[in-house]
Number of protein chains: 2
Amino acid sequence: MAATIRDVARLAGVSPSTVSRALSLPGMVNATTRARVAAAVEQLGYEPNRAARGLITGRTGTIGLVVPDLANPFFAGLTKGVQARARRHDVAVFVADTDEDPGVEAGLVRALAKQVDGVVLCSPRAGDAELAAIAQETTVVLVNRAAEGLPGINFDNEDGMRQSVAHLVALGHRRIAWVGGPASSWSTQHRGLGLRNAAEALGAQLVPVGNFAPTYEGGMAAADQVVATGATAVVAYNDLVAVGLLARLHSRGISVPGDLSVVGVDDIAMSGMARPALTTVRLPTQEAGRLAVELLLAMLDDPSAAFAAHRDLHGELIVRDSTGPARDPGDGRTHGSKGSSA
Amino acid sequence: MAATIRDVARLAGVSPSTVSRALSLPGMVNATTRARVAAAVEQLGYEPNRAARGLITGRTGTIGLVVPDLANPFFAGLTKGVQARARRHDVAVFVADTDEDPGVEAGLVRALAKQVDGVVLCSPRAGDAELAAIAQETTVVLVNRAAEGLPGINFDNEDGMRQSVAHLVALGHRRIAWVGGPASSWSTQHRGLGLRNAAEALGAQLVPVGNFAPTYEGGMAAADQVVATGATAVVAYNDLVAVGLLARLHSRGISVPGDLSVVGVDDIAMSGMARPALTTVRLPTQEAGRLAVELLLAMLDDPSAAFAAHRDLHGELIVRDSTGPARDPGDGRTHGSKGSSA
DNA sequence: TTGAAAGCGCTAACAC
DNA sequence: GTGTTAGCGCTTTCAA
C-alpha cells in the first residue's frame with residue numbers, strides 16, 4: 001500500500017497534523033520541521049490521498065468536461081485545452097461525451113456534478129431553464145453558449161459572420177446561402193443572426209436553407225438545397241459541414257469556387273487539407289478551453305466574487321481557395337430549379 | 001448540502017448500515033425495509049459520496065485514459081469508446097493528453113495512477129521496463145502496444161499490412177515505399193515488420209523512407225523522399241501522414257494513383273473525404289476502447305485471475321481511389337534522382 | 001509552533 | 001435481517 005500521512009509523521013518524528021500543515025500551509029510550520037517532513041515525504045514517496053482530503057475539504061480537485069462529440073475536431077481541440085490547463089493546476093478532468101444526444105446530456109451533467117468541483121459545459125443543447133437548474137447544483141462554466149446569469153467563454157459569432165459576408169460581398173456575391181446546424185444550437189442561432197445583420201448592412205441577400213446535422217453527412221445532405229437557392233456563395237455551420245458540401249458539389253460537377261464559393265467555421269485541421277482548401281473563420285478552441293478552466297477555478301476559489309458573465313473570443317477569417325469572385329449573375333439559376341421561386 | 005446516508009437512515013427509520021446494504025447488497029435486506037430505504041433515497045435525492053466509499057473500499061470508481069494526442073481522430077475515437085463503455089459501468093474517466101511528449105507521459109501516468117483504479121494506456125512511447133514499473137503501481141491495460149506480461153488490446157498490424165501489400169501487388173506494384181511514424185512507436189515497428197514479411201512473401205520490394213511525425217506535416221515532409229525512391233506505391237504510417245503525402249504530391253503535380261498509389265492506416269473520417277479518397281486499413285478504434293475498458297474492469301474485479309495477455313483486433317482494407325494499377329515500370333525514375341541508387 | 005482529538009461519509013466486522 | 005462499532009486518510013478546531 002501507499003504511504004499514509006501517519007507513516008510520514010512517524011518517520012519525521014512529528015504528528016500527522018504537522019505533516020498536513022507542512023504540505024498545505026508551509027508558512028505555519030518551522031523551517032527545520034518542514035525540512036524533516038519534506039525528507040520523509042521524499043523517502044516514502046508519499047502523496048496525499050485526494051479522496052480523504054476531499055472528504056473533509058469538500059473539494060475533489062476534479063472538474064468535469066461535457067462535450068457533444070469528441071470525434072468533432074472542434075471539441076477535441078477544446079478538450080486538449082481544458083485538459084492541459086487543468087493539469088497545470090493539478091486538477092484532473094472527467095471527460096464525458098454526450099454523442100450529440102440532448103437526452104443524455106442532462107443526466108450526465110447531473111451525475112458528473114456530484115463528483116466534481118465544477119463543470120465545463122460545451123455547446124449544451126439544454127434549455128436556459130435546465131442550465132440554470134444545473135448551475136444550482138454545481139459551479140458551471142459554459143463554452144460556446146451564452147445563458148442569462150451564467151459565466152461562459154464564447155466566440156464572437158456575429159463578428160466572424162460579418163467578416164465572412166464582407167469577404168464574399170467584396171468578391172461580388174450578393175446572394176448568400178446559409179446552412180445552419182442543429183436548431184437547438186446556440187451558435188446556429190447566433191451565426192444566423194450575425195449573417196442576417198451583416199448581409200443587410202452590406203447589401204447582400206441571405207438565404208437560409210435549414211438545419212442540418214453538424215457533420216460531413218449534414219453537408220452532403222444540404223448541398224443540393226444550397227444549389228437550388230441559386231446563391232453564388234454559401235456559409236456553412238462549421239467546417240465539417242462545409243467539407244461535406246464540397247464533396248457533394250464536386251460529385252455533382254459544380255465548381256468551387258467557380259460556380260459557388262464556400263465558407264466554413266472553426267478551421268479544423270481538415271479544412272486546410274480539403275481541396276479546394278476551405279476559407280473559414282478560425283476559432284481559438286484550445287484557448288477557449290484554457291480560459292474556461294481558469295474561469296472555473298477562479299470561481300471555485302472565490303465563490304462570492306462576481307465574474308464577468310462571459311467572454312467573447314475573436315475569430316479570424318482564413319481565406320483559402322474555396323472562395324472566389326462571384327460568377328456571372330446570368331448563370332445564377334443554372335443548377336437549381338427552385339431558385340427562381342425561392 | 002447533499003443528503004448523507006444518515007439522513008436517509010433517519011427518514012427510513014433504520015440504521016446507516018442497513019441503508020448501505022440496501023444499496024450495495026440488496027439481497028441481504030428484507031424487501032419491505034428495502035422499499036422504505038428506497039423511498040427515503042428517492043425523497044432526499046440521495047447519492048452516495050464516492051470519495052467516502054472509496055476511502056473504505058479502496059476503489060474509486062474511476063479509471064484513467066492516457067493518449068498521445070486527442071486531436072488525432074484515431075485517439076478521439078478510442079476515447080469515445082472508452083468513455084462510453086465506462087459510463088455503462090458507472091465508472092468515470094480521467095483523460096490525459098501527453099501531447100506526444102514521452103517525457104510528460106511517464107510522470108502523468110504515475111500521477112494518474114494514484115487517483116484511479118486502473119489505467120488505459122494508449123500507444124505509449126515508454127520502454128518495456130518503464131511500462132512494467134507502472135504496472136507495479138496500478139492496473140494497466142495497453143492499447144496499440146504489446147509488452148511482455150502486460151494485457152493489451154492491439155490491432156493486427158501484420159495482417160493489415162499484408163492486406164495492403166496484397167492489394168498493391170495485385171495492381172502490379174513491385175516497389176513499395178514505407179513511411180514510418182515515430183521510431184519509438186510500437187506500431188511503427190510492427191507495421192514495418194508486417195510490410196517486410198508481406199513484401200517478401202508476395203515478391204515485392206519494400207523501401208523504408210524513415211521515420212516521420214504521425215501528422216499531416218509529417219506526410220508533407222516525407223513526400224519528396226518517397227518520390228525519390230522510385231516506388232510506384234507507398235504505405236503511410238497512418239491516414240494523417242497519408243493525407244499529408246497526398247497534399248504534397250498534388251502540389252508537385254504527381255498524380256495519385258496515376259504515378260503513385262497511396263495507402264494509409266486507421267480510416268479516420270478525413271480519409272473518405274480526401275481527394276482522391278484514401279485507400280486505408282480501417283482500425284476499429286471505438287471497439288478497441290470498449291474492449292480495453294471491459295478488460296480493465298474485469299481485471300479489477302478479479303485481480304487474481306489470469307487474463308489473456310492481449311487481444312488482436314482485425315483491420316479491414318478499405319479500397320478507395322488513391323490506389324490504382326502500377327504505372328509503367330519504364331516511368332519508374334521519372335520523378336526521383338536517387339531512385340537508381342536506393 | 002506543535003499535538004491531541006474529533007469527524008468528513010461511508011462500509012465491514014461483529015454482535016444480536 | 002439489522003444495529004453497533006470501528007476506522008479508511010485526511011484536515012481542522014482547540015489546547016498547550
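All values below were derived from every heavy atom in this structure, side-chain atoms included, with hydrogens, water molecules and symmetry-related copies excluded. All chains are named by letter (A, B, ...) in the order of the sequence lines, taking the proteins before the strands, and each is independently numbered beginning at 1.
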Student: Show your working on side-chain contact (heavy atoms from CB on, under 4.5 Å) between A/Q136 and A/L131 and close with a plain yes or no.
Tutor: CA-CA 9 Å; A/Q136 292 297 104; A/L131 290 179; over 6 Å; no
Student: Take a 6.0 Å sphere around CZ of A/R59 and say whether it holds more than 12 heavy atoms from other residues, nucleotides or ligands.
Tutor: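 It does: A/R59 CZ has more than 12 such atoms within range.
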Student: Using heavy atoms and a sub-4.0 Å distance, could you list which residues of residues 3-15 of chain A are near DNA chain D? By number, please.
Tutor: A/T4, A/I5
Student: For A/E137, is there an ion pair with A/K114 - N to carboxylate O distance below 4.0 angstrom?
Tutor: no
Student: To the nearest 0.5 Å, what is the distance between OG1 (A/T62) and CZ (A/R50)?
Tutor: 6.5 Å
Student: Please find the earliest and latest nucleotides of DNA chain D, in the 5' to 3' direction, that have an atom within less than 4.0 Å of any heavy atom of chain B.
Tutor: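 Span of nucleotides near chain B: D/dG1 to D/dG9.
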Student: If you compare all heavy atoms of B/A22 against all heavy atoms of B/V37, which two are closest, and at what distance to 0.1 Å?
Tutor: CB-CG1, 3.8 Å
Student: How close or far is atom C1' of C/dC8 from atom CG of A/L55, stated in whole angstroms?
Tutor: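 In whole Å, C/dC8 C1' lies 4 Å from A/L55 CG.
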Student: What I want to find out is whether B/K80 reaches A/D69 closely enough, with some N-O distance under 4.0 Å, to be called a salt bridge.
Tutor: yes
Student: Quick test of your reading of the model: are B/D97 and A/R87 salt-bridged, counting only N-O distances below 4.0 Å?
Tutor: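 Not counted as a salt bridge, because no side-chain N and carboxylate O are separated by less than 4.0 Å.
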Student: Residues from residues 21-49 of chain B sitting under 4.0 Å of DNA chain D, heavy atoms only?
Tutor: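 Going residue by residue through residues 21-49 of chain B, the ones with a heavy atom under 4.0 Å of DNA chain D turn out to be B/R21, B/M28, B/V29, B/N30, B/T33.
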Student: Atom CD1 of B/I5 and atom CZ of B/R10: how far apart are they, to the nearest 0.5 Å?
Tutor: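 These two atoms lie 12.0 Å from each other.
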Student: Report yes if at least one side-chain N or O of A/T18 is closer than 4.0 Å to OP1 or OP2 of C/dT2; otherwise report no.
Tutor: no
Student: Describe the nucleic acid contact of A/S17 in one word from base, sugar-phosphate, nothing, applying a heavy-atom distance below 4.0 Å.
Tutor: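 Here A/S17 touches the bases of the nucleic acid.
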Student: Mind checking whether B/R53 and B/N49 have side chains closer than 4.5 Å, heavy atoms only?
Tutor: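 Side-chain contact under 4.5 Å: no.
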Student: Side chains of B/S15 and B/T18: donor-acceptor distance under 3.5 Å anywhere?
Tutor: yes
